[in-house]
Amino acid sequence: MATFWTLGCDADNPQRIAAFWALALGYVKESGFDEPDNASIVDPDGRGPAIGFLKVPEGKSAKNRMHIDIRVAGPGPWDMAERARLIRQKVPELVAAGATVVREESYGDVLGHVIMHDPEGNEFCVA
């Protein structure tokens, strides 16, 4: 049996960044974590880990050593053309929610993933 775990994240504005990631991942706010200095989101189906956000005084200063990949096509194997379509559909939704596009990466002629920054500058990929 796997161990239950939570991804803990530093944040400048926990409520704002939790709202962004809830939208990006299809998560919902976890009740009891609605103070200005903390927020938590959970998978509404109870399968994925919780993600907690705590306010810290320092800003982000370097590239993430770990990041989230949003797998819009679900588990493989994939129809790569459909996967690319789903990636291109998700990116503008995330931009509208405050993310920025860094660059696209391709595997030959096929879109592999889009590297983005969340509203606080944390790197992630839409794949």
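Just so you know, these numbers come straight off a predicted model, no measurement behind them. Every heavy atom of this structure was used, including side-chain atoms; hydrogens, water molecules and symmetry mates were not.
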I need the [X] [atom1] to [Y] [atom2] distance, nearest 0.5 Å.
{"X": "C9", "Y": "I68", "atom1": "SG", "atom2": "CD1", "value": "6.5 Å"}
{"X": "D10", "Y": "L54", "atom1": "CG", "atom2": "CG", "value": "7.5 Å"}
{"X": "D118", "Y": "W21", "atom1": "CG", "atom2": "CH2", "value": "5.5 Å"}
{"X": "I115", "Y": "T100", "atom1": "CD1", "atom2": "OG1", "value": "11.5 Å"}
{"X": "L25", "Y": "F20", "atom1": "CG", "atom2": "CZ", "value": "8.5 Å"}
{"X": "I51", "Y": "L7", "atom1": "CD1", "atom2": "CG", "value": "5.5 Å"}

Enumerate the side-chain hydrogen bond (donor to acceptor under 3.5 Å, both in side chains) contacts for residues 33-43, please, sequence neighbours excluded, ordered by first and then second residue.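 Sorted pair list: E30-S40.
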
Mind jotting down which residue pairs meet the side-chain hydrogen bond (donor to acceptor under 3.5 Å, both in side chains) criterion with at least one end in residues 68-85? Sequence neighbours excluded, please.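 As it turns out, the side-chain hydrogen bond (donor to acceptor under 3.5 Å, both in side chains) pairs with a partner in residues 68-85, which skip direct neighbours, are H67-D69, E82-R85, R85-Q89.
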
What is the minimum heavy-atom distance between [X] and [Y], and which atoms define it?
{"X": "A18", "Y": "A39", "result": "CB-CB, 3.6 Å"}
{"X": "V114", "Y": "E104", "result": "CG2-CG, 3.8 Å"}
{"X": "A99", "Y": "F124", "result": "CB-CZ, 4.2 Å"}
{"X": "I87", "Y": "A127", "result": "CD1-C, 3.6 Å"}
{"X": "I70", "Y": "A24", "result": "CD1-CB, 3.9 Å"}

Got a donor-acceptor contact below 3.5 angstrom from the K55 side chain to the D12 backbone?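 A pair under 3.5 Å: yes.
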
Has the side chain of E120 got a donor or acceptor atom that lies under 3.5 Å from a matching backbone atom of N13?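 Yes: the side chain of E120 pairs with the backbone of N13.
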
Looking at residues at least two apart in the chain, or sitting in another chain, which of them share a salt bridge (charged side-chain N to carboxylate O under 4.0 Å, His left out) with [X]?
{"X": "K60", "result": "E123"}
{"X": "R16", "result": "none"}
{"X": "R65", "result": "none"}

For the residue pair Y107 and H113, categorise the inter-ring angle as parallel (less than 30°), tilted (30 to 60°) or perpendicular (more than 60°).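 The rings of Y107 and H113 sit tilted, inter-plane angle from 30° to 60°.
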
Kindly work out whether a path of hydrophobic side-chain contacts (I/L/V/M/F/W/Y, heavy atoms less than 4.5 Å apart) joins V95 to V72.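 Yes; tracing contacts between hydrophobic side chains, which count when under 4.5 Å, links both residues.
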
Give a yes or no on whether L86 and V126 share a hydrophobic cluster (residues Ile, Leu, Val, Met, Phe, Trp, Tyr; joining criterion: side-chain heavy atoms under 4.5 Å apart).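 Yes; tracing contacts between hydrophobic side chains, which count when under 4.5 Å, links both residues.
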
Please examine the side chains of I17 and P119, heavy atoms only from C-beta on, and report whether any two atoms are closer than 4.5 Å.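 The answer is yes, as the side chains (C-beta and beyond) meet within the 4.5 Å cut-off.
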
In the hydrophobic cluster built from side-chain contacts under 4.5 Å, what are the other members alongside V28?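 Reading the cluster by chain and number, V28 sits alongside V42.
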
